[in-house]
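Residue indices begin at 1 and follow the sequence shown. Atoms within a ligand are numbered from 1 in the order they appear, just like the ligands themselves.
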Amino acid sequence: MGIQLNQVSKTYKSGEVEVKALKDATLHVPDATITTILGPSGSGKSTLLNVIGGIDRHDSGSISFNDKKLESLKEKQLTEYRRESVGFIFQQYNLIPTLTVKENIEVGKELSKQPLDMEDILEKVGMVDKQDKFPSQLSGGEQQRVAIARALIKNPQVLLCDEPTGALDEETGKRILSLLKFVNETYQTTVLIITHNHGIGEMAHHVIKMKSGEIVENYQNDTPIDPKKVSWA
Ligand SMILES: Nc1ncnc2c1ncn2[C@@H]1O[C@H](COP(=O)(O)OP(=O)(O)OP(=O)(O)O)[C@@H](O)[C@H]1O
């Protein structure tokens with residue numbers, strides 16, 4: 001089970017120009033693991049995450065998520081899959097400025113069939129005391145914790161993180177990584193993390209390296225270390 005990609009390709013066309021963002025990507029991501037995706041800018045990392053998360057559709061090849069084949073889902077079913085099974089976390093936290101911490105987290109709960117308990121989530125991300133504050137009253141690390149809580153409350157099977165620590169300093173970034181590891185272990189969530197920071201690979205079970213739309217390296221890390229001890233680049 002888990003996520004299986006077989007020869008997945010995606011080309012973006014804008015006018016005359018074609019960009020092969022993903023070329024024959026084949027990959028297995030076992031359930032309840034952490035995978036880090038590394039690679040230079042433009043190498044296809046976000047495209048890979050977007051097709052796995054059903055934000056974007058691939059042109060060819062196959063993506064299986066447990067028993068679902070994403071290419072055979074109709075638009076409505078793909079939306080349902082995205083809503084129920086996938087949580088997204090971005091570098092820019094994308095919180096709604098006019099809503100409080102608690103209300104922002106509530107947004108993630110909407111349309112979810114089996115949401116987790118709000119008080120429990122607030123406690124897990126360490127935001128009980130600040131639940132009535134607005135995003136502008138929070139530090140970057142706190143805002144990212146709210147974004148994680150918003151993704152987490154719907155109890156997704158997979159959490160897709162695009163540069164989750166990109167805007168944070170080392171200490172705060174490591175706190176966020178520890179929270180992602182905690183989520184992975186507590187809820188058995190599959191976590192994929194895009195990063196430019198090679199050190200983050202040290203905490204993952206699997207490391208993928210991409211170049212020009214291709215997966216050029218894919219290895220297992222048998223001794224993932226505590227996120228607090230990863231080297232920070
Ligand atoms: N919607 C789009 N329309 C056209 N081209 C796109 C689109 N999205 C991505 N691309 C192109 O596809 C290629 C891969 O982009 P992608 O965002 O997946 O790379 P990335 O590795 O995530 O980069 P970065 O680290 O800078 O975020 C790039 O050349 C990019 O310009």
request  = Kindly say whether K10 contributes a backbone atom to a donor-acceptor pair with the side chain of H58 at under 3.5 angstrom?
outcome  = no
query = Sub-3.5 Å donor-acceptor pair from the side chain of K154 to the main-chain atoms of V86, do we have one?
reply = yes
Close residues, ligand 1: non-hydrogen atom nearer than 4.0 Å = Y12, V19, A21, P40, S41, G42, S43, G44, K45, S46, T47, H196
ask   = According to a 4.5 Å side-chain heavy-atom criterion applied to Ile, Leu, Val, Met, Phe, Trp and Tyr, with indirect links allowed, do V158 and I37 form part of one hydrophobic cluster?
value = yes
key: Exam field: side chain K68 to backbone L73, donor-acceptor pair closer than 3.5 Å   = no
ask   = Under the side-chain hydrogen bond (donor to acceptor under 3.5 Å, both in side chains) test, which residues partner Q137, sequence neighbours left out?
value = none
query = Quick one: do the Y93 and N104 side chains pair a donor with an acceptor below 3.5 Å?
reply = no
